[in-house]
Each structure stands twice: as structure tokens, then as C-alpha cells.
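One structure is given below, encoded as C-alpha cells.
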2 protein chains.
Amino acid sequence: MAGRTRANPLALAVLGLLYERPMHPYEMSSTLRERRKEDSIKLNYGSLYSVVESLQKRGLITARETVREGRRPERTVYEITEAGTTEMTDWLSDLLARPVKEFTQFEAALSLMPIFGPDEVVTLLETRLRSLREQRLAYDHGTASAPANFPRLFLIEAEFKYALLRTEIEFVSALLDELRAGTFEGVALWRRMHELRGEGHSPEAVEQLLAEEFKEELSWLSELSDTQRPEQG
Amino acid sequence: MAGRTRANPLALAVLGLLYERPMHPYEMSSTLRERRKEDSIKLNYGSLYSVVESLQKRGLITARETVREGRRPERTVYEITEAGTTEMTDWLSDLLARPVKEFTQFEAALSLMPIFGPDEVVTLLETRLRSLREQRLAYDHGTASAPANFPRLFLIEAEFKYALLRTEIEFVSALLDELRAGTFEGVALWRRMHELRGEGHSPEAVEQLLAEEFKEELSWLSELSDTQRPEQG
DNA sequence: GTCCGATTACTCGATCCAGAGTACTCCGTG
DNA sequence: CACGGAGTACTCTGGATCGAGTAATCGGAC
């Protein structure tokens, strides 16, 4: 049981809030916002209500009462069940103890980088680097931070994000240096490849020409080629 | 145009592949796998086929022919359109040049960490750290790596992932040290909070007691309290 | 020569989710 | 006292996504 529906951490946050005290969905969203959790847990209304509904269906929370205050719309107050508490504990333990593979947009972008030539990539990464440095400044100046004296315990996720940000800055910066200095391995091949494409050669012709011009660097290709295209017409 | 459907980078990868040469979807998936792109771009059949369909609907690719080879099922070969090439260029430029906020599972977990007490967190993070170190070893020994002599250009995303991995190891390791040494800010408050909960006090009672015991550390609370609960019944 | 398991090539359906839309109320402003 | 804008509290819809399922074929082992 409790099997597949552990994708959206918003559901875990909901369990956490109801573990403190019963609440209605809208209050959950405002509480999360007050606590600066919208920075680390993606929150939007649509998801919140469907997540709550799904938790209820699975018996992890129950509707305690629906209140109408004044002429305001009805509010349904939920509370956590015993099963819900167990699921919360298991789930959070799992998230803390077991790293999971995550796919970020930038990793995807890096892996598709060869679509562009090295010079275009340099320009684009320069823009990125500027933007990342601005982000770091914002952090440093506490702009992105919480009320003074806010306990570290409740901001630990921001510290982690900051560490990742610094790493990305270092990475992009180092990559840029190598690209600009021309010391990046294979940059000559890469540049030539785009030159040939730019001259209107077909992909096959480009491959052919490069194989001749860069024999050694492309030695790995021949190792693969037997298995790679067994039935290329 | 080309507005909202830029969520799934798999679509960008498809455009990239068809920019090289026409292909049928299954070939796209095997090509991506050969090139080790499944590590940085989430790929599964269901998504691939619906992504291809949606690209076609948007006029970014077109079906060139459907081939039946032997008695095998039909294969539809697609090619990229001019609009598709433009979209590919714009999209990849955007991904490289503009950092986007990403939400990871571990950030969510960190932000919900206070649900547990410090001692449980230590145990869980120790498990995580072991696992992260194993991952790093695997990288170092080239287990997770490609054919010898594979050009760096095509593995740059793995380098980035490795940098992030090292940062996470450092972060978790430093956090653990502080928690174990008791030098983590507010750890006493945190521990006491779980002690009181464990003794069966209600959340409100806990808050009350902590406010008395840890006046200074909780000063930020009083600043908020006016605006925080204007209508708490 | 037939059986097994891997590979090829998709299809389907049940969620999931984002974001726009709705509707009502409260509060201040002129 | 009419108006506008912010806040409260959801609802709806259509597309995205995931993973299991299907069905055929091929190559090798026995």
C-alpha cells in the first residue's frame, strides 16, 4: 500500500501541516507561504485541491467539518489519520535517506549543447552567468531571506540551494574559461562540425569529412559503429 | 505562438535528433539511449509518443512516410520543419541562457525536516551520505561512464551532475557534523520541541511552553504574530 | 524444429497537474 | 455610496505523463 502516489511533495507538506493541527486547504496554502515553503515545494491551487482530494481517497486524511463563516464560501477542514501519520513518516524518511535521480532543465540543455557551435554557447552561457551572479548577490544581501533572526532550522533548504547555486556558478564559469581559451577538449572538432554544416553539407557528409580530419579523436566512433547501425539503408 | 509547451525537454531532444536526420520514434529513443542522454533527459515511451504527436500538431515536425519493413509493425518517419528548427534554436538558447527555478525532492525534504527530531534526522542523513559516497565512487571508477575516449563535449552534463553530487556530499556532511556536535543553531529548541510533543502535549501547549523556555530565540515569532493569526477561533 | 527471452515498435487508460476562471466579501477612497 | 482592488476560497478543463500491456519478430540453445 501507499505505493505509487509519492511523486508530489506537496502532498507530504499537507500531511505535515495537518500533523500540527486540522486545517482547510486555503489555510494550508497561506501557511506554506508564510513559512517560505513555496520556494522549495511547488504550490498552486489546482494541485493543492487535487492532492488533498487524493489523500482523502487514500484514507490518509479525513474531512472533519465544513464551516461557513459569515457569507464566505464553505471551507472544509481536514485532519490527518493514523494511516496518514505513518505515511508521512515513511515518506519523509525515504526522501531524506535515499537520493533520487532528478532531471533539471539545465542538465538537459547541457546535453543538447552540441546542437549549437562553441561561439554561440559562449554567448548564451555568459548571459546565464550574469544572471546567476545576480541571484547570488540577492541572497548575500538577504533580499531573498526571511525576517531577521528567523531560526536556521527553518531555512536549511535555502542554504542548500545557495550551495548548489555557487556550484553552478563555478561550473559555468570554468566551462566558459575553457571554451574561450580554446582549451576545451575537442573544441576544434566541434567548431569544424558547425562550419561544415553551415556550408550546407548533409549530416552524412559532415560525419565523413570529420572522420577523415579528426581520425584519432573519433576513434571511439568506430568501436560503436558495428553495433550502432546494423541496418542503415 | 510556441508559448506554453516548453515544459518537457524530451520534445527539444526530439527536435534536435530530427535536425540531424529524419527518424521514427523508436529510433529516437534508441539513439538517445546510445548517446547516454537518458541520464539527463527523462525518457519513457508513453511520453515520447505523445510528445511527438504534440510537436506534429504544432507544425514543428511532419510525418514523412510510414514504412513497413518485413512483417514488422509500421514505423512513421518524421522530419523537422522550418518552424521546428526555429523553435529548437529559441528553446535551447533560452535553456542555456536563463536559469529557471527547479524544485527537487531533497529540497522539499529539507524544508520539512523539522517534522522529525534532530536525532532521527541524523540517522537518516547518515544513510543518505553513505549512498551519495557510493555514487561518487561509481563515477570516479568510471562505472557510470561511457566508452573510453568518448569526447568530453558529449559528457559535459555528467560533469555538471558530478559537481552537484560533490556539493551535496559536502553539504550533508557539514550539516551532520553540526548536528552531532550540537553546534547547529537552535538544535536545543528543536530537540525540546519533539520531547514535549512526545510527552503528548498539544501543538498549542508546545508552542506556549517553548515561547517561555526560549524567549530570545523565538523573538521573530512575536513580530509575525500580529499579522499571522488575525482570526484564530 | 521449437521454445525462450530479448528486441522492436508502439497503444492505452488512469491519474496528475497547471493555470485560468469564478464568485463572493471586505476595505478604503473620493 | 459607488467603485476598484485585494483577499478568500475554491472549481474546471484540457493537456501531460507514466508505466503497464500488447504483439510481432529474431536469434540462439537444446
Side-chain angles (χ1 to χ4, degrees), chain A residues 2-14 23-34 38 41-58 63 65-78 100-103 105 227-232, chain B residues 2-14 23-34 38 41-58 63 65-78 100-103 227-233:
Chain A
R4 209 37 21 74
T5 329
R6 276 195 190 170
N8 191 350
L10 181 56
L12 179 55
V14 166
M23 269 185 212
H24 56 98
Y26 189 79
E27 194 185 356
M28 296 173 200
S29 83
S30 20
T31 307
L32 288 174
R33 208 165 295 129
E34 265 161 26
E38 1 78 282
I41 298 173
K42 186 153 49 187
L43 166 61
N44 70 49
Y45 292 122
S47 305
L48 178 60
Y49 285 91
S50 61
V51 151
V52 164
E53 201 189 328
S54 130
L55 288 173
Q56 189 185 17
K57 253 186 218 145
R58 293 168 59 208
E65 49 181 350
T66 56
V67 197
R68 152 159 287 144
E69 200 167 300
R71 286 282 203 76
R72 298 280 191 74
E74 254 183 16
R75 307 177 310 184
T76 307
V77 176
Y78 293 89
V100 296
K101 192 188 287 233
E102 319 247 17
F103 297 85
Q105 299 278 323
T227 52
Q228 201 167 177
R229 305 209 197 151
E231 35 160 24
Q232 195 64 207
Chain B
R4 211 34 22 74
T5 327
R6 276 195 189 168
N8 191 350
L10 180 56
L12 179 56
V14 166
M23 269 185 210
H24 56 98
Y26 189 80
E27 194 185 356
M28 296 174 200
S29 83
S30 23
T31 307
L32 288 175
R33 209 167 294 129
E34 265 161 26
E38 3 76 283
I41 298 172
K42 185 153 51 187
L43 167 60
N44 70 48
Y45 292 122
S47 304
L48 178 60
Y49 286 89
S50 61
V51 150
V52 164
E53 201 190 327
S54 129
L55 288 173
Q56 190 184 17
K57 254 185 217 146
R58 294 167 58 207
E65 49 180 349
T66 56
V67 196
R68 153 159 285 144
E69 199 167 301
R71 287 282 202 76
R72 298 281 190 74
E74 254 183 16
R75 307 177 310 185
T76 307
V77 176
Y78 294 88
V100 295
K101 190 188 289 231
E102 319 247 17
F103 296 84
T227 50
Q228 202 168 175
R229 305 209 197 150
E231 36 160 23
Q232 195 65 206

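In the text below, chain A, chain B and the rest are named by the order of the sequence lines, each starting its count at 1. Values below: all heavy atoms of this structure, side chains included; hydrogens, waters and symmetry mates excluded.
A straight line from CZ of A/F103 to C1' of D/dC18 spans 13 Å, rounded to a whole angstrom. The separation between A/L48 atom CG and D/dC12 atom P is 16 Å, rounded to whole Å. Across the protein-nucleic acid pair, A/E27 atom CD and D/dG7 atom P stand 17 Å apart, rounded to whole Å. Rounded to a whole Å, the OH atom of B/Y26 is 16 Å from the P atom of D/dT25. Residue A/E53 contributes atom CD, which lies 9 Å from atom P of D/dT11 at whole-angstrom precision. Rounded to an integer number of Å, the gap from CG of B/L10 to P of D/dT17 is 8 Å. Here C/dC24 presents its P atom at 18 Å from CZ of A/R75, a figure rounded to the nearest Å. B/L43 places its CG atom 14 Å from the C1' atom of C/dA9, with the value rounded to the nearest Å.
Comparing C/dC10, D/dC10, D/dC18 by their closest approach to the side chain of A/Y45 singles out D/dC10. The nucleotide whose nearest atom lies closest to any side-chain atom of B/S50 is, among D/dA9, D/dT17, C/dC17, D/dT17. Here the side chain of A/K42 is nearest to one of D/dT17, C/dA9, C/dA18, namely C/dA18.
A/L48 places a side-chain heavy atom less than 4.5 Å from the side chain of A/V14.
Within the 4.0 Å cut-off from OP1 or OP2 of D/dT8, not a single side-chain nitrogen or oxygen of A/H24 is found. Distances shorter than 4.0 Å separate none of the side-chain N or O atoms of A/N44 from OP1 or OP2 on C/dC17. Between A/N8 and the phosphate of C/dC16, there is no side-chain N or O to OP1/OP2 separation shorter than 4.0 Å.
Take the nearest nucleotide of DNA chain C for A/S47 and for B/Y49: the residue whose nucleotide is more 5' is B/Y49. DNA chain D is contacted by both B/G46 and B/S54; B/S54 maps to the nucleotide lying nearer its 5′ end (nearest heavy atom per residue).
Counting any heavy atom pair closer than 4.0 Å across all strands shown, A/K57 reaches no nucleic acid atom.
Residues B/Y26 and B/Y49 come closest through the heavy atom pair N-OH, 3.8 Å.
At distances below 3.5 Å, at least one donor-acceptor pair connects side-chain atoms of A/Q105 with backbone N or O atoms of B/A7.
Here the CZ atom belonging to B/R33 is positioned 6.0 Å from the CG atom belonging to B/L43, to the nearest 0.5 angstrom. A/I41 contributes atom CD1, which lies 12.5 Å from atom OG of A/S47 (distance to the nearest 0.5 angstrom).
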